[in-house]
6 protein chains.
Amino acid sequence: MSKTVICPGSFDPVTLGHVDIITRASKMFDKVIVAVLVNSSKTPSFSIEERIELLQDSTCGIENVEVVSFNGLLAEYCRERKVDAIVKGLRAVTDFEYEFQMALTNKKLNPMLETIFLTADADSMYLSSSMVREVASMGGDISNFVPKCVHQRIVERLNKG
Amino acid sequence: MSKTVICPGSFDPVTLGHVDIITRASKMFDKVIVAVLVNSSKTPSFSIEERIELLQDSTCGIENVEVVSFNGLLAEYCRERKVDAIVKGLRAVTDFEYEFQMALTNKKLNPMLETIFLTADADSMYLSSSMVREVASMGGDISNFVPKCVHQRIVERLNKG
Amino acid sequence: MSKTVICPGSFDPVTLGHVDIITRASKMFDKVIVAVLVNSSKTPSFSIEERIELLQDSTCGIENVEVVSFNGLLAEYCRERKVDAIVKGLRAVTDFEYEFQMALTNKKLNPMLETIFLTADADSMYLSSSMVREVASMGGDISNFVPKCVHQRIVERLNKG
Amino acid sequence: MSKTVICPGSFDPVTLGHVDIITRASKMFDKVIVAVLVNSSKTPSFSIEERIELLQDSTCGIENVEVVSFNGLLAEYCRERKVDAIVKGLRAVTDFEYEFQMALTNKKLNPMLETIFLTADADSMYLSSSMVREVASMGGDISNFVPKCVHQRIVERLNKG
Amino acid sequence: MSKTVICPGSFDPVTLGHVDIITRASKMFDKVIVAVLVNSSKTPSFSIEERIELLQDSTCGIENVEVVSFNGLLAEYCRERKVDAIVKGLRAVTDFEYEFQMALTNKKLNPMLETIFLTADADSMYLSSSMVREVASMGGDISNFVPKCVHQRIVERLNKG
Amino acid sequence: MSKTVICPGSFDPVTLGHVDIITRASKMFDKVIVAVLVNSSKTPSFSIEERIELLQDSTCGIENVEVVSFNGLLAEYCRERKVDAIVKGLRAVTDFEYEFQMALTNKKLNPMLETIFLTADADSMYLSSSMVREVASMGGDISNFVPKCVHQRIVERLNKG
C-alpha cells in the first residue's frame with residue numbers, strides 16, 4: 001500500500017513547527033509533497049522561489065519529501081498528483097475549527113481525499129510564520145523558531161524588507 | 001402573538017446554509033426580514049443589488065420573507081422595523097464567540113431586542129460565503145454549496161470578477 | 001402562527017438563569033412548556049415534586065408557562081405535545097458543544113423539531129444548579145443566584161440534606 | 001513502508017462513527033488494530049466479548065482489520081504490537097482538547113508513537129456510544145446511529161439491560 | 001517584594017473593560033505601566049497622542065499607573081523597564097488562544113517575564129475597541145462602553161473621522 | 001504593598017505542573033498559600049495528610065509557601081486568611097471555561113477577591129493528577145510528570161492502592 005500525502009501551506013517562512021510535521025509525515029507515508037500555495041491576493045514577505053528554497057534546505061535530509069508550488073484548488077491538485085491525504089498540524093482550537101471546515105469542504109470537492117491531523121509538538125505549539133515575521137521585524141531573536149540552516153537567511157531577508 | 005425576526009448578513013453571495021436558516025426561521029416566526037448589510041469599508045464581490053436579487057430568487061417560494069438592505073446600526077434598524085429578534089445560524093465555536101459578543105452588545109443598545117441562534121444543518125456546517133468565492137475563483141464546483149436557481153449566475157459573476 | 005416551545009432541564013434547583021431564559025421564551029412564543037427531566041440514573045438533591053413547585057412559584061407571574069415533568073425521549077415527548085422547538089440557554093463554549101450534539105440528535109429523531117438557543121444574560125453566565133448546590137451546602141450566600149420567592153426554601157432544603 | 005495503526009476505544013457499543021473512522025484508516029494503512037479497552041473501573045453496558053463481536057461483524061468486509069481487547073497502558077501495548085500510530089476521530093472541540101492531552105502524554109511515554117486524527121464525517125459528528133445507549137434505553141430509534149448488521153442485537157441487548 | 005506589571009494594547013480607544021483591568025492590576029501590584037503599542041502597519045482611528053491622553057484621563061485617579069507608548073518587541077521593552085509581568089484581560093475563548101500563544105512566545109524571548117491573566121468583568125465581556133468604533137461610527141450610543149470622562153471626546157473624534 | 005495569594009486544588013497527587021505554578025506565584029507575590037481542598041464527596045487516592053506532605057516536600061525550597069488544607073467555601077476562607085487573589089494555572093480551553101465560571105462566582109461571593117491565571121508551561125500542558133494516577137496504576141513511568149523528591153512515594157502508594 002504505497003501512500004502519498006501533501007503538506008500544503010504558505011510557509012512564509014518555514015518554521016520549526018512545519019519541519020516537525022513534515023518530518024513526522026515522512027516517517028508515516030511513502031511520499032510527502034510539501035506544497036507552497038501561490039496566493040495572488042496576499043503579499044507575502046518571501047517570494048515563492050525563496051520559500052521553496054528555504055523548505056528544500058530545511059528538509060534536505062529527508063529522502064521522500066518533494067517541495068513544489070501550486071496554484072488553484074488543492075482538491076484538484078491532489079487529484080492530478082494522486083495524493084491520498086492532506087496532512088496538517090494542529091496547534092490550537094481555532095486552528096482546529098478552520099481546518100475542520102477545510103477538511104469537510106475538500107471531501108465534498110474530492111470524496112476520495114482524506115485529511116489527517118497531527119498535533120503540534122509541545123515546543124512548537126505557539127509557533128507561526130506571522131509570529132516569526134513579527135518578532136524578526138522588531139529585531140527579536142528567532143533562532144528558537146526556525147531551522148538552524150535557514151536562520152541567517154530569514155533574518156537578513158526580514159531585515160531588508 | 002405576531003413576531004418579526006431579522007436575518008442580517010453580508011450574503012456575498014448567498015449559500016445553501018443561509019437558505020436553510022431563513023427557511024427554518026420562516027416556519028417559526030410570522031415575518032422574516034433578510035437584511036443585507038451595506039458595509040462601506042469592505043469591497044464585496046457582489047453588489048448590493050445582485051446580493052438582494054440572488055436572495056430573492058433563492059427564497060421566492062417562502063411567502064413571509066422580505067429581502068432588504070440596511071445601513072447603520074442593526075439595533076437601531078430593528079427598533080424602526082419593530083423587529084422582535086435577530087436570528088443567526090451557528091456553525092462552530094468561533095462563530096459562537098463572535099455572535100455571543102454581538103448579542104450582548106445589541107441587547108445593551110436595545111434591551112428589548114432578542115438574539116436567537118439556530119444550529120447549522122450538519123450538511124452546511126462547513127459552508128461560508130468566503131469559501132464559495134474561493135472555490136469558485138479557482139474553478140472548483142460550487143453546485144453543492146449554493147441554491148440551484150442562482151448557481152449559474154454566481155459562477156459567471158465570480159469568473160468575470 | 002401559534003407556536004409552542006419547550007425548556008427541558010433538571011432544574012435541581014431552578015436558578016435565576018433558568019428564569020431569565022423561560023421569561024424571554026415566553027415573550028417570543030405563544031406557549032412555553034418547562035419540562036423537568038425525570039432521570040432515574042442520577043440522585044437529585046430535590047424531588048421531582050419539589051422542583052416542579054419551585055419552578056411554578058418562580059414563574060407564577062407568566063401566563064403562558066406550564067411546568068411539567070417528563071420521562072423518556074425528549075424528541076418523542078415533543079411529538080406528542082406538538083412542540084415546535086426546544087429552547088436552551090447557552091452560557092459558554094462547552095455548553096454549546098454538548099447542546100449542538102443534542103440538537104443534531106433530536107433533529108435526526110424528529111426532523112420537524114427545531115432547537116433554538118438564547119444566550120445567557122451577562123449576569124447569569126456563571127450560574128448553574130450544581131454551583132448553587134455547592135455554594136449552599138458550604139453555607140455560602142445564594143441570594144444572588146436563585147429567585148427571591150424560593151430562596152428560603154432552597155436554602156433550608158440544601159441545609160437539611 | 002508497511003504501517004500498523006490502532007483505533008482504541010470503549011466501543012460500548014460500536015456506532016456508525018466508529019465504523020467510518022476504522023474504514024478510512026484501513027484505506028490509509030496496511031493494518032488496523034481495533035482495540036477494545038478493558039476498563040475495570042467503569043461498568044459497561046456490553047461485555048468485552050459482545051463489544052468485540054459487534055465490532056468484528058461491523059467490519060467483517062475489511063481484510064486488514066483485526067479486533068482485540070487490551071488491558072493496561074496503551075503506549076506500552078503499542079510498543080509490543082509494533083504499532084506506528086494511534087488513529088482517533090475528532091467530532092468537536094471538547095474531543096480535541098482531551099485527545100490533544102492524551103496524544104502528548106502518549107508521546108512522552110513512547111516517543112516513537114504518533115497520534116493521527118481524522119475528522120468525523122458530517123453525518124456522524126453528533127454520534128457517541130453514550131447517546132446511542134441513552135436513546136435506545138428510552139425506546140428511541142437508533143437505526144441511523146449503528147451499523148445495520150448489528151442494529152437488532154444492540155436494541156435487544158439495551159432493552160434487556 | 002516590589003512588582004511592576006505592564007498592560008499593553010492598542011487602546012484605540014480605551015474602553016471600560018480596559019479601565020477595569022488596569023484598576024484591578026493597580027490594586028495587586030506596585031506599579032502598572034499602560035503601554036500603547038505603536039503599530040506602524042495598521043491605521044488607527046486615534047493618534048498615539050490621543051490614545052495616551054484618553055488613557056491618562058481615564059486613570060487619573062490611580063496613583064501607581066503610568067501611561068506610555070512603546071515601539072518594538074514587548075519582551076525587550078519589559079527587560080529595559082524591569083517589568084515582572086504582562087497583565088492581560090481575557091474575555092473569551094478566542095482571546096485566550098491568541099494570548100496563550102503570545103505568552104509562550106514572550107516567555108521564550110524573555111524567560112523571566114511572566115504573563116498574568118485577569119478575567120473580564122461580566123459587564124465588559126462583550127466590549128472591544130473595534131465594537132466601540134463600529135457602534136459610534138453608525139451613530140449608536142457608546143456611553144455604556146467607555147469611561148464617562150472621555151466619552152464626549154471619543155464621540156466627537158469618531159464622528160469627525 | 002504586601003500581597004497574599006492562594007493556590008487551591010485537590011493535588012491528588014501533586015504534579016510538576018502544580019509545582020511550576022506555585023513556584024511562579026511565589027516569585028510574584030509575598031505569600032503563597034497552597035490549599036488542599038477537603039472534598040467529602042469524592043474518594044481521593046491520597047489522604048489529606050499524604051497530599052499535604054507531598055506538597056510540602058515538593059515546595060520545601062520556597063520560603064514564602066505555606067501548605068494547608070481547607071474545608072468549606074473558598075471565598076469565605078480567603079476572607080478569613082486575608083487572601084488578595086486566587087492563582088490558577090490554565091492548560092486548555094476546557095480548563096478556562098470552568099475557571100472562568102468559578103472566578104465570576106467567587107467574585108460575586110467576595111467582591112474584593114481577585115482571580116489570577118497563569119498559563120501552564122508548554123511542558124506541563126498535558127499534565128493532570130488523574131492522568132498521573134491512570135498511568136501509574138497501569139505500571140507506566142511517571143518520572144516525567146511528578147517532582148523527583150516525591151516520585152518514589154507516589155509510585156509505591158498508587159501500586160498499593
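Each chain gets a letter, A, B and so on, in the order its sequence line appears, and its residues count up from 1.
Residues of residues 73-87 of chain D that come closer than 4.5 Å to chain A, counting heavy atoms only, are D:Asp84, D:Ala85, ordered by residue number. Heavy-atom neighbours of chain A within the stretch residues 22-32 of chain D, taken at a separation under 4.5 angstrom, comprise D:Arg24, D:Ser26, D:Lys27, D:Met28, D:Phe29, D:Asp30. Proximity to chain A at a heavy-atom threshold of 4.5 Å picks out nothing from residues 138-147 of chain D.
Heavy-atom pairs under 4.5 Å with chain D peak, among A:Val5, A:Asn64, A:Ile116, at A:Ile116.
Pairs of residues two or more places apart, or lying in two chains, never qualify as ring-ring contact (aromatic ring centres under 6.0 Å, His included) while including a residue from residues 42-61 of chain D.
Closest of all the heavy-atom pairs between D:Phe100 and A:Leu90 is CE1-O, 3.7 Å.
Contact annotation for D:Leu104: only side-chain heavy atoms (C-beta onward) come within less than 4.5 Å of a heavy atom of chain A.
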